[in-house]
Enquirer: 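Quick one: this structure, given as structure tokens, is what I'll be asking you about.
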Amino acid sequence: MKFAVIVFPGSNCDKDLYFAIKDGIHADVEMIDYRSKSLDAFDAVLIPGGFSYGDYLRSGAIAAHAPIIETIKRMSALGKPIMGICNGFQILTEIGLLPGALIRNRQNRFICETVDLKVKNNQTIFTNEYEFDQTLSLPVAHGEGNYYCDISTLKQINDNNQIIFRYASDINGSIDNIAGIINKAGNVLGMMPHPERALEEMLGSDDGLKLFQSILKSHMNRVNL
Amino acid sequence: MGLVKVYVTYKESILDPQGEAIKSAIHGMGHTSINDVRMGKYFELNVDNNVSDIDSEINLICDDLLANPNMETYRYEILEDAE
Amino acid sequence: MGLVKVYVTYKESILDPQGEAIKSAIHGMGHTSINDVRMGKYFELNVDNNVSDIDSEINLICDDLLANPNMETYRYEILEDAE
Amino acid sequence: MTEPTAEMIQETKLYKSWGLSDQEFQTISNDILGRLPNYTETGLFSVMWGEHCSYKNSKNVLRKFSNKSERVLAGPGEDAGIIDIGDNQAIVFKAESHNHPSAVEPYQGAATGVGGIIRDIFSMGATPIALLNSLKFGELDDSHTRYLAEEIVSGIGGYGNCIGIPTVGGEIAFQSRYKKNPIVNVMCVGLIDHDDVKYGKATGKDNLIVYVGAKTGRDGIHGATFASDEFTDSKSTQRSAVQVGDPFMEKLLMDACIELVHEHSDWIMGIQDMGAAGLVSSTAEMASKASSGLILELDNVPQRETEMTPYEIMLSESQERMVLCIKPEYEQNITDFFTDKMLDAVVVGKVTTDGQYKIYQRGKMVCNIPISGLVDESPEYKRISVKPDRIADSKEQFRPEIKSLEDVWLKILRQPTIASKEYFYKTYDSQIKANTVVQPGSDAAVVRIRDTKKAIAMTNDGNSRMVYVDPFIGGQMAVIEAASNLVAAGAIPIGITDCLNYGNPEKPEIFWEFEKSVSGMAMAGKKLNIPVVSGNVSLYNEFNETAIYPSPMIGMTGLVEDIDNVITQGFKNSGDLIYLIGETRNEFNGSEIQQLQLNDVKGSLSKINVDQIKDRFELILDIINNKLINSCHDLSEGGLAVALSEATFENKLGFKCEVNMPKEYLFSETPARFVVSVSKDNQRKFEDIIGNNGAKIGVVTDDNRMNIKTIGAEATIELSVAMSIWKEAISCLMKKN
Ligand SMILES: Nc1ncnc2c1ncn2[C@@H]1O[C@H](COP(=O)(O)OP(=O)(O)O)[C@@H](O)[C@H]1O
Ligand SMILES: [Mg+2]
């Protein structure tokens, strides 16, 4: 299985994600420039955290117009796994692959801490290695991580089981403590916490590992079918 | 050259934490007659005069980039020949 | 209740990194007729009607809080009874 | 505007308002140029001979520092010091002050401080791995102070978070002297392979000078002389000095420069950041290091504003700019390389051999001065030094008054200088890059080096109260405290960078503080074999003639050879035994409890036996490396009572202790003591090693209580009470309006 980590100008968790794949689950991974026209050689697309284009204007807003976005949309239409973490999540909402928006934290400050979240749906290609309702301890680091959507969207994503992770307690004002959601088709995940920073006990938690293992395993199952 | 001023604000229904923080700072300074503060973004765009349909151009830019319709609204004014 | 709109912008000579980044994004989207973009802040303040000298109050708030005179300028409009 | 002529400058003494003295102006005219300098030239001399660039008031004091050890690869003189950490790797680090800009525009002032120190690190070819900061503010009951604190902290976070370098540690203190003159010191640590080290040199005839990065505007003109000037109410309108940072641009610049050094080292001869005094200081220093001359064509300098004068272009402190010296055959490669990274790179000059600094604008020569005169012949002053009256000779110690031990204990935990700084440091991304093994909240931060067993520990320290009370001993204590923090984490201290923040050195009492505290730091550093490899001096920190406390900041790095040995300050298991290592003495002058009870600090400090402390550090490292202890915490402000409390918070474990000392001694601040916890299995081995250097004082408990008995007193505090007081003290104060 081969992963692409998309590098926008200003992405800064790209290397962490690269190491997560290479050293964490020992899969093939390559860093892909935001100007690339094709992702045909890849089985999954990872959009890293950071401050694409400095987060100027609004996080993810300018990256949403980068050349590679059209290609990412095509990959999504093909049903390939696409995961956006933090800034990656913001970009995915900006380009409409995921509903809602990420607005400024309720407390009006950037927060960096390790928080508890719950797995609310483990029947996805991203979470099948976790237990339902399992508590994960994962780092967050964001200033605009407050998930917002209107009431009808909220009902929809609830009804469709699209809410994948919830914070165990309110950390930033997110509606219904939403920490991560998936699209209706089930191949696009966006989440604010950083699983790629939680792969080793030494750094405080290895709860992120199973997320990457889930993607790998789902792929292998599909290939072997 | 024309000047276009664009104002982008969070939708009414969305809490504005920056506005809140500023409000309490203003109260802290003793100006208690300020009941409410909302904070938004303000842009000044300089536009070539030869643009044929400036309204549609500005609307495009706002919808696609300057505002996120999921959470924000915008309005703008065109000041012809502001030069 | 009155509404006061305050616009804060960087002084001309101050670098506006956001404006620059937005400009190049706008160009990248094909709108090359936009020559220049500056980004500023926009505030809506709701003020009690019983304020005696609203101008001096707003100026105080702007000077002390909403704008840093070392790098920004501001202007405001008062919309009486905007409610 | 037409510029004044050379004669007018001489007549009106315009140079004086730029900080040059009559004597200095004469030296320039008579000895260096043999003619009067024109407007541009006067400007160049005034910044290059300002304290910030020339260190004219501090040079001879700084010579006290030792900058040698078996590990030092480069010391002061380069953008940053370099220290060998084995395996062909080295760390590069430096600290920088941005006090004055932060007072004027706190967010941008602090942000551009961070941007500047990061450039110092990657300009050497190193990859930045961590940031730290040392902040000193007025008291939080003042609304302007709260505003400054909030904005400065968000400026630091805003820049570091955006560029993607973890901010892993620091210190924050509060004292009314800093009210209008906050201290903002930032430190950056980078990692490099020995072969990749690049120096800022402009060498080789006809090699090209290339400008890379942001365009030049009128930002921060005279920022460097501004930094060497005191604040007064009437001067608070120095407008032109505000610079705005663009961390996005810097991220592009950083990645590009690191890649350039790694992949295309053969294209470049030298690389240098543009920091204080922008283009002039960077290019002149590059030429001076190679004894070259330079020709600069100002028309080629990318400019953001129109009609900039040579003076403005040369002195602008626009951020996010670098200078390269390249071989001419690679000009196209270099411009293509940077264009691909969305950056502008343009040739603005070339290297000559005549040693002259020649600058042209629109075909006209606007400057022609010898580089050596500009850079190397700046004056050096030995200022007059007089001991201030407040410095006490008597050995008398302050005697704390303690009626209820519980009360005093909780009060101390609530003091902003003692209380948790989480409210601030939680806004810094401390984990990015996924290497931070010990995050803010313990003694030293620890960042691992991927693909090795090694890690780097780092800390910022400097208790300015102690330095104020006794500069020499306070200076020693700053070094000892920093080293204690590293040792407590399991690291061998290997290098120091500093920021030396003081008032106006032209005042003899201030100069005395400066001189004495540097002597103290130098002495401790030498004895502990920790070289000072880089640093920064910030003088004239005054507001309306009142100086800040003498505030040297020690930034220290340590090497952890085996990352499995790293430990933190928190107790780990109920039942572990608690030991106090190091003797506690009757020492309360300059302490937190003196400040609390007198609202002032005074008295003299007791002599320190640094050799004995050195042995103690070795002992601690020995027990850590033998895996004999589960936690280690050094004692600093607030003494034993605070250290024991802090050790409980990490894992919510309490303790029951009994000490053979009077209750007041719980708050003594005798330096270089440690609280460690030991599992019963290791007790015998541990006690054999420590001998009489420490004593068992109690046991870790899981009953959510802190309980301590002293001679004649006992106190019990609920952990939850202590913890919420300590954790929330600062956020409570900050939220007040
Ligand atoms: N400005 C800051 N930025 C990041 N971390 C900080 C800052 N101030 C304090 N800290 C962290 O809080 C903890 C306690 O700091 P401090 O009380 O200064 O420790 P010590 O007394 O051991 O030197 C340390 O881990 C330190 O790194
Ligand atoms: Mg400590």
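Heavy-atom basis, side chains included; hydrogens, waters and symmetry copies ignored. Predicted, not measured: the structure shown is a model, and the values here were computed from it. Chain identifiers are assigned alphabetically (A, B, ...) following the order of the sequence lines, protein sequences preceding nucleic acid strands; residue numbering begins at 1 within each chain.
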Enquirer: Under 4.5 Å from any heavy atom of chain D, what part of A:Tyr18 do you find: side chain, backbone, both or neither?
Expert: neither
Enquirer: Centre-to-centre under 6.0 Å for D:Phe248 and A:Tyr53, is that the case here?
Expert: yes
Enquirer: Can any side-chain N or O of A:Asn12 pair as donor or acceptor with the backbone N or O of D:Asn161 at less than 3.5 Å?
Expert: yes
Enquirer: Report which part of D:Glu422 has an atom under 4.5 Å of a heavy atom belonging to chain A: side chain, backbone, both, or neither.
Expert: neither
Enquirer: If you round to the nearest 0.5 Å, how far is CZ of A:Arg109 from CZ of D:Phe424?
Expert: 7.0 Å
Enquirer: Contact between D:Ile432 and A:His194 at the side-chain level, heavy atoms closer than 4.5 Å - yes or no?
Expert: no
Enquirer: State plainly whether the residues D:Lys433 and A:Glu196 are in salt-bridge range, i.e. N to O under 4.0 Å.
Expert: no
Enquirer: If you take all heavy atoms of A:Asp16 and D:Ala434, which pair is closest and at what distance?
Expert: OD2-N, 3.7 Å
Enquirer: Do D:Thr436 and A:Arg197 come close enough that some side-chain heavy atom pair is under 4.5 Å?
Expert: no
Enquirer: Decide yes or no for D:Thr427 and A:Cys112: does some side-chain heavy atom of the first lie under 4.5 Å from some side-chain heavy atom of the second?
Expert: no
Enquirer: Could you check whether any side-chain heavy atom of A:Tyr56 comes within less than 4.5 Å of a side-chain heavy atom of D:Asp246, counting everything from C-beta outward?
Expert: yes
Enquirer: Less than 4.5 Å apart, side chain to side chain, heavy atoms only: is that true for D:Lys251 and A:Phe51?
Expert: no
Enquirer: Please identify, among D:Cys162, D:Ser154, D:Gly157, the residue contributing the most non-hydrogen atom pairs under 4.5 Å to chain A.
Expert: D:Cys162
Enquirer: Given that the side chain runs from C-beta out, which part of A:Asp33 has a heavy atom under 4.5 Å from chain D: side chain, backbone, both or neither?
Expert: neither
Enquirer: Which atoms form the tightest heavy-atom contact between D:Gln431 and A:Thr114, and what is the distance?
Expert: NE2-OG1, 3.3 Å
Enquirer: Quick check: do D:Leu252 and A:Pro9 have side-chain heavy atoms less than 4.5 Å from each other?
Expert: yes
Enquirer: Less than 4.5 Å apart, any side-chain heavy atom of D:Asp429 and any of A:His142?
Expert: no
